[in-house]
Amino acid sequence: MAFGKASVRDADVSGKRVLVRVDFNVPLAEGPDGAVEVTDDTRIRAALPTVEHLLGRGARVILASHLGRPKGQVVPGLSMAPVAARLAELLGREVALAPEVVGPRAVAMAKALEPGQVLLLENTRFEPGETANDPELGLAFARLADIFVNDAFGTAHRAHASNVGVAADLPACAGELLASEVSNLSAVEDDPARPLVVVLGGSKVSDKIGVIERFIEIADQVLIGGAMCFPFFRAQGFGTGDSLVEEDGIPLARAAIAQAEAGSCELVLPVDLTMGREFSPDTEVRASEGVEVPDGWMGLDIGPRSAEEYASRIAGAGTVLWNGPMGAFELGPFAPGTRTVAEAVATCPGFTVIGGGDSVAAIQQFGLADRVDWVSTGGGASLELLEGKPLPGVEALNEA
Ligand code: ADP
Ligand code: MG
């Protein structure tokens, strides 16, 4: 589905210097030999279609990304060096790493690039002007290239110099990943096959209240799980024991219940829970009868009856959106609710979309990611898009 923005596919890139904002904000850890390594290269792989497309058409490719939160200073531990190494392996070609973001040495390396060569700039957040969207820095990025491509969906909800500022000074188009993210996520809201079943979990109501409100308006069913269900239970007068309860979420949950009652969307809460004494894989585990959690216990997963109920609703869906795990899935005894939902999403014949960092980690942990129609690389950006907010990184691009 077209979303109205210029595409890299239609840009004249042959022989041109193309600056691509990618989302290479990947987890790092020290490997066995003491060197820092990329521990999950999903986001690097996700950018390959755009990078390979450009290389195949003879572009000179300059890549830029942030990594972690260096807060405008050079932090050697947040260098892009491990990313350059992993990208070179994935591309099967050399990736030069600039020693800085936009300084004279980076400019010289960008100038010296030949068609088919790849240069990765240093961490954009080493520059203090990056997160402030300093126009001077935007211009400095623009001076490196002839064309700008934004493929960093994960940061599209932020207006920074390397994704928004730069677009003021260069022809700017969407990369393959960004375009696919926007069209797949929009497809959930834009005339979806019915019933539209939305499954929301995770830790806080306040993180996702915009999405809850939006989908109570447009979905047929909204199923709630994770620690997010406790503010709902408190709003209904249940005791939550030692469960993780976001107090500020209670009035939001109360309002969402009222909103659902006034409309036609079914808001579904768990009917049973799996409880533990503490947030630990070795804790004592007990099934609850209903959803009342006694003192001394925490609800750490939806219970088996709830999980089966959710699975059967998902199985009958024309469209499924899932964001947020059903429990503390990182802890073995509290993974089953999330696993049952993940399996139901994977086997659902309808159109299925997953967003959110931890839900994506869960579906990968269960080895089911390739059975979902779209697995979003963007946590915050996917939520904001689903809430119906314009994404600055998308708005800044040229019209098609
Ligand atoms: P996502 O990244 O998919 O949007 P969130 O970040 O909102 O999801 O929430 C994920 C976190 O919520 C996980 O770390 C998980 O352990 C935690 N969580 C889910 N359910 C519970 C629960 N019942 N009690 C405590 N933590 C929970
Ligand atoms: Mg998360």
Side-chain angles (χ1 to χ4, degrees), residues 25 27 40 42-43 154 157 185 198-212 215 223-234 238-249 252-253 269-281 283 285-288 291-294 296-304 306-307 310 320-342 345 352-366 368-369 372 374-387:
N25 184 27
D40 179 352
T42 307
R43 286 180 162 171
H157 58 316
L185 291 166
V198 175
V199 189
L200 296 173
S203 45
K204 289 186 188 166
V205 172
S206 61
D207 282 351
K208 297 177 186 171
I209 188 65
V211 177
I212 297 173
F215 283 100
L223 320 181
I224 303 281
M228 195 196 267
C229 61
F230 298 115
F232 283 88
F233 290 146
R234 284 280 284 279
F238 291 105
T240 51
D242 297 341
S243 305
L244 178 69
V245 188
E246 184 196 17
E247 295 288 335
D248 294 347
L252 301 176
L269 292 165
V271 292
D272 62 343
L273 299 166
T274 301
M275 306 182 297
R277 289 274 185 198
E278 52 195 62
F279 194 92
S280 150
T283 188
V285 179
R286 203 173 106 184
S288 75
V291 294
E292 180 83 25
V293 180
W297 292 88
M298 317 170 75
L300 286 169
D301 192 13
I302 60 172
S306 308
Y310 287 12
V320 179
L321 169 69
W322 177 29
N323 178 296
M326 296 293 100
F329 74 99
E330 309 93 319
L331 313 177
F334 308 105
T338 302
R339 180 188 283 276
T340 300
V341 162
V345 175
T352 53
V353 174
I354 300 187
D358 292 287
S359 354
V360 171
I363 198 97
Q364 284 170 341
Q365 180 181 311
F366 303 141
L368 298 168
V372 179
W374 187 254
V375 177
S376 178
T377 56
S382 69
L383 289 175
E384 292 201 13
L385 187 147
L386 291 166
E387 277 174 45

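Every number for a ligand or one of its atoms is a count from 1 in the order of the listing.
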**Asked** What N/O/S atom of Asp358 gets nearest to the Mg ion (ligand 2)?
**Response**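 The Asp358 atom nearest to the Mg ion (ligand 2), restricting to N, O or S, is OD2.
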**Item:** Residues Glu246 and Ser206: side-chain donor-acceptor under 3.5 angstrom
**Value:**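 Yes, a side-chain donor-acceptor pair sits under 3.5 Å.
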**Check: Asp272/Ser306 side-chain N/O donor and acceptor closer than 3.5 Å** =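 Asp272 vs Ser306: donor-acceptor pair found between side chains.
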**Request:** Please round to the nearest 0.5 Å and tell me the distance separating atom OG1 of Thr352 and atom CH2 of Trp322.
**Result:**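 Here the interatomic distance stands at 11.0 Å.
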**Prompt:** Can you tell me how far the CG atom of Leu269 sits from the CZ atom of Phe232, to the nearest 0.5 Å?
**Reply:**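 Answer rounded to 0.5 Å: 6.5 Å.
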Taking only heavy atoms of [X] into account, list the atoms of ligand 1 that are under 4.0 Å away from them.
| X | result |
| --- | --- |
| Ala328 | 16 (O), 19 (C), 20 (N), 21 (C) |
| Pro325 | 3 (O), 8 (O), 10 (C) |
| Phe279 | 16 (O), 25 (C), 26 (N) |
| Asn323 | 4 (O) |
| Gly324 | 3 (O), 8 (O) |
| Gly226 | 20 (N), 23 (N) |
| Phe230 | 23 (N) |

**Asked** Do you know which two heavy atoms are closest between Ala328 and Phe279, and how far apart they sit?
**Response**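 Shortest heavy-atom contact: CB-CE1, 3.6 Å.
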**Request:** Looking only at non-hydrogen atoms, find the nearest pair between Phe230 and Leu273 and report the distance.
**Result:**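 Looking at all heavy atoms of both residues, the shortest contact is CE2-CD1, 3.9 Å.
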**Prompt:** Between Val360 and ligand 1, which part of the residue brings a heavy atom under 4.0 Å of the ligand: side chain, backbone, both or neither?
**Reply:**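 Neither; no heavy atom under 4.0 Å.
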Nearest-contact summary for [atom] - protein heavy atom, Å:
| atom | result |
| --- | --- |
| atom 3 (O) of ligand 1 | Ser359 OG, 2.5 Å |
| atom 20 (N) of ligand 1 | Ala227 N, 3.1 Å |
| atom 24 (N) of ligand 1 | Leu300 CD2, 3.6 Å |

Any non-hydrogen side-chain atom of [X] less than 4.5 Å from a side-chain atom of [Y]?
| X | Y | answer |
| --- | --- | --- |
| Arg339 | Leu368 | no |
| Val293 | Met298 | no |
| Val211 | Asn323 | no |

Using heavy-atom distances, let me know which of [options] sits nearest [atom].
| atom | options | result |
| --- | --- | --- |
| atom 1 (P) of ligand 1 | Thr274, Val245, Asp358 | Asp358 |
| atom 4 (O) of ligand 1 | Glu330, Met326, Lys208 | Lys208 |
| atom 23 (N) of ligand 1 | Gly356, Gly299, Ser203, Gly201 | Gly299 |

**Item:** Arg234/Glu247 salt bridge by N-O under 4.0 Å criterion
**Value:**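 Salt bridge between Glu247 and Arg234, a charged N being under 4.0 Å from a carboxylate O: yes.
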**Message:** Using a plain distance cutoff, I'd like to know if Asp207 has any nitrogen or oxygen under 3.5 Å from a nitrogen or oxygen of ligand 1.
**Reply:**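 Such a contact does not occur with ligand 1.
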